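Some notes on the structure that comes next.
Fair warning: this is a prediction, and the values are worked out from it, not measured in the lab.
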Amino acid sequence: MGFLTGKTAIITGGGRAVLQNGGCGSIGYGIATAYAKEGANLVLTGRNTRKLEEAKEELERLYQIRVLPAGADVKAGADNEGVVNEVVQRTIEAFGRIDVLINVAQASASGVPLAEHTGEQFDLALYSGLYATFYYMKACYPYLAKNKGAVINFASGAGLFGNFGQSAYAAAKEGIRGLSRVAATEWARDGVNVNVICPLAWTAQLETFKREYPEAFQANVKMPPAGYFGDAEAEIGRVCVQLASPDFKYMTGETITLEGGMGQRP
């Protein structure tokens, strides 16, 4: 039994994705796998319900935990607070508690220069990332405070370093960093710790990009100095497990994984 047995984690963007070698092919699914190995029950959200059902089947079969797939799409023009509140209500009905909230989901139109970005593209990034994170944090807060839980949000080097063609994505991720810092200040008294991870992981999307557009991949995706990309489960997923540990209570920081390894920025 793992130390997360009996606990419940909500992971946004947790649909199943697999690499060619059979490894976890997305950050959300890598985290879900790491948490399942520690015995946590999971609520996985996303827009692709097929991937959510595939995740449920595999994780329940391999690790004897329970998974609730919850299709949800935070987007411009929708009742987003209602969408998120429904996910949280279903979580409480199924498991009776929320111990960890992990906000991974993010969509964006990358590669579009700022002067050519449309309002719709900007909305896509802000709603799927920043607004979704805000609504989930707000809805989960009473349950996290009750259980002295944890929030793990995801930002990006795109915001830290100003990556070309990622203005909306960078804006959303920097907004998430600011939101997380305020929550860490406000929620520390409740025993809720809030952390941000800025990852660089090898994913199925990068794998497909390299295979279909090798020249563009070579021009835009740089190998980290350590000589390898982060592993979605073994590194990023395990960092998320560690951040849910009681040993990390009341600590706030940013975990940077831009060089294939892990380091804490206080």
Side-chain angles (χ1 to χ4, degrees), residues 1-18 23-46 51-72 84 87-105 132-133 136-137 139-154 180 187 190-197 199 201 230-251 255 262:
M1 293 178 64
F3 74 81
L4 294 177
T5 299
K7 296 184 181 295
T8 301
I10 296 178
I11 304 173
T12 72
R16 183 176 181 267
V18 181
C24 291
S26 72
I27 292 173
Y29 192 60
I31 297 168
T33 301
Y35 268 61
K37 288 181 176 180
E38 291 293 340
N41 294 316
L42 303 173
V43 179
L44 304 180
T45 80
K51 290 184 176 181
L52 297 176
E53 292 293 342
E54 290 175 353
K56 171 183 171 65
E57 189 281 326
E58 182 166 282
L59 294 174
E60 288 187 338
R61 173 172 51 83
L62 292 177
Y63 307 112
Q64 292 75 56
I65 50 100
R66 293 172 60 199
V67 177
L68 173 65
V84 170
V87 172
V88 171
Q89 184 59 40
R90 291 179 61 191
T91 301
I92 297 303
E93 290 172 357
F95 301 116
R97 61 187 298 144
I98 300 171
D99 300 278
V100 187
L101 169 65
I102 307 176
N103 288 297
V104 183
T133 298
Y136 274 104
M137 289 176 70
C140 290
Y141 166 70
Y143 307 101
L144 294 170
K146 179 180 179 180
N147 296 317
K148 299 189 182 303
V151 177
I152 304 169
N153 292 332
F154 276 74
S180 302
W187 295 357
D190 301 310
V192 178
N193 68 321
V194 182
N195 281 271
V196 174
I197 295 177
D231 183 283
E233 178 201 342
E235 293 184 309
I236 296 168
R238 295 309 302 180
V239 166
C240 288
V241 168
Q242 186 181 29
L243 292 175
S245 166
D247 295 337
F248 270 75
K249 286 302 176 187
Y250 316 118
M251 293 184 65
T255 300
M262 301 298 170

Inset, instruction - Classify the side-chain pair S180/N153 by whether it contains a donor and acceptor separated by less than 3.5 Å. - result: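 Yes, side-chain donor-acceptor contact under 3.5 Å.
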Legend entry - Donor-acceptor contact below 3.5 Å, side chain E233 vs main chain G23: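 Checked: no pair found.
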Inset, instruction - Look at the side chain of N41 and the backbone N and O of T8, then say whether any donor-acceptor pair between them is shorter than 3.5 Å. - result: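 Not at all, since once roles are kept as given, no pair shorter than 3.5 Å links the two residues.
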Report yes if some heavy atom in the side chain of [X] is under 4.5 Å from a heavy atom in the side chain of [Y]; otherwise report no.
X	Y	value
Y63	T33	yes
R238	Q242	no
I11	Y29	no
I197	C240	yes
L101	Y143	no
L44	K56	no
F154	I236	yes
V241	F3	yes

Inset, instruction - For A244 and Y35, work out which heavy atoms get closest and say how close. - result: CB-OH, 3.3 Å
Inset, instruction - Work out which heavy atom in P199 is nearest to a heavy atom in I27; give both atom names and the distance. - result: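 That closest heavy-atom pairing would be CG-CD1, 3.7 Å.
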Legend entry - With sequence neighbours excluded, residues passing side-chain hydrogen bond (donor to acceptor under 3.5 Å, both in side chains) with K7: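 Per chain and number, K7 pairs via side-chain hydrogen bond (donor to acceptor under 3.5 Å, both in side chains) with no residue.
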